[in-house]
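For reference, the structure discussed in these notes is given below.
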Amino acid sequence: MNSFLHFWQYLPYKMSPVLLKIGSFQIRYYSLMYILAFTTVYFLALREIKKKELDFSPQLLEDYIFNAIIGVLIGGRLGYVL
């Protein structure tokens, strides 16, 4: 049990955060999760708008998602710096 706890505790230090690397271009796991999260939210919201016949247009939803992505990127960088 002690060896498992030691393995589990130090697992993040042993993992590489890079999912795919082509030259100097890297895709990391957390960036993939951001892409999957925003894509999932977009399609679920689009489905709900069509299903419940709300007064939102798909263009308004796309604008909101775009602004949310920009906000997450800027907020994440500011949080890291501060």
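As the structure is a computational prediction, the values presented were derived from the model and not from experiment. Nothing fancy with the numbering, it's 1 onward along the sequence.
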*Without swapping roles, check the side chain of T39 against the backbone of I35 for a donor-acceptor pair under 3.5 Å.*
yes
Any chance you could measure [X], atom [atom1], to [Y], atom [atom2], to the nearest 0.5 Å?
{"X": "I22", "Y": "F25", "atom1": "CD1", "atom2": "CZ", "value": "7.0 Å"}
{"X": "M33", "Y": "T40", "atom1": "CE", "atom2": "OG1", "value": "8.5 Å"}
{"X": "R28", "Y": "K21", "atom1": "CZ", "atom2": "NZ", "value": "9.0 Å"}
{"X": "L20", "Y": "L32", "atom1": "CG", "atom2": "CG", "value": "10.0 Å"}
{"X": "L60", "Y": "L54", "atom1": "CG", "atom2": "CG", "value": "11.0 Å"}
{"X": "E62", "Y": "Y42", "atom1": "CD", "atom2": "OH", "value": "4.0 Å"}

*Is Y64 linked to F66 within one hydrophobic cluster, defined over Ile, Leu, Val, Met, Phe, Trp and Tyr using a side-chain heavy-atom separation of less than 4.5 Å?*
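Hydrophobic grouping puts Y64 apart from F66.
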*Does L11 share a hydrophobic cluster with F4, counting links as ILVMFWY side-chain heavy atoms below 4.5 Å and allowing steps through other members?*
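Shared cluster, yes.
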*So which heavy atom on Y34 is nearest to which on V72, and how close?*
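Nearest pair, atom of Y34 first, then V72: CE2-CG1, 3.7 Å.
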*Indicate yes or no: at least one non-hydrogen side-chain atom of I65 is less than 4.5 angstrom from one of V41.*
yes
*So which of I74, L73, V81 actually passes side-chain contact (heavy atoms from CB on, under 4.5 Å) with R77?*
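Filter result, single survivor: V81.
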_Within the supplied structure, the quantity of interest is the number of heavy atoms (other residues, nucleotides, ligands) at a distance under 6.0 Å from K51 NZ; does it exceed 12?_
no
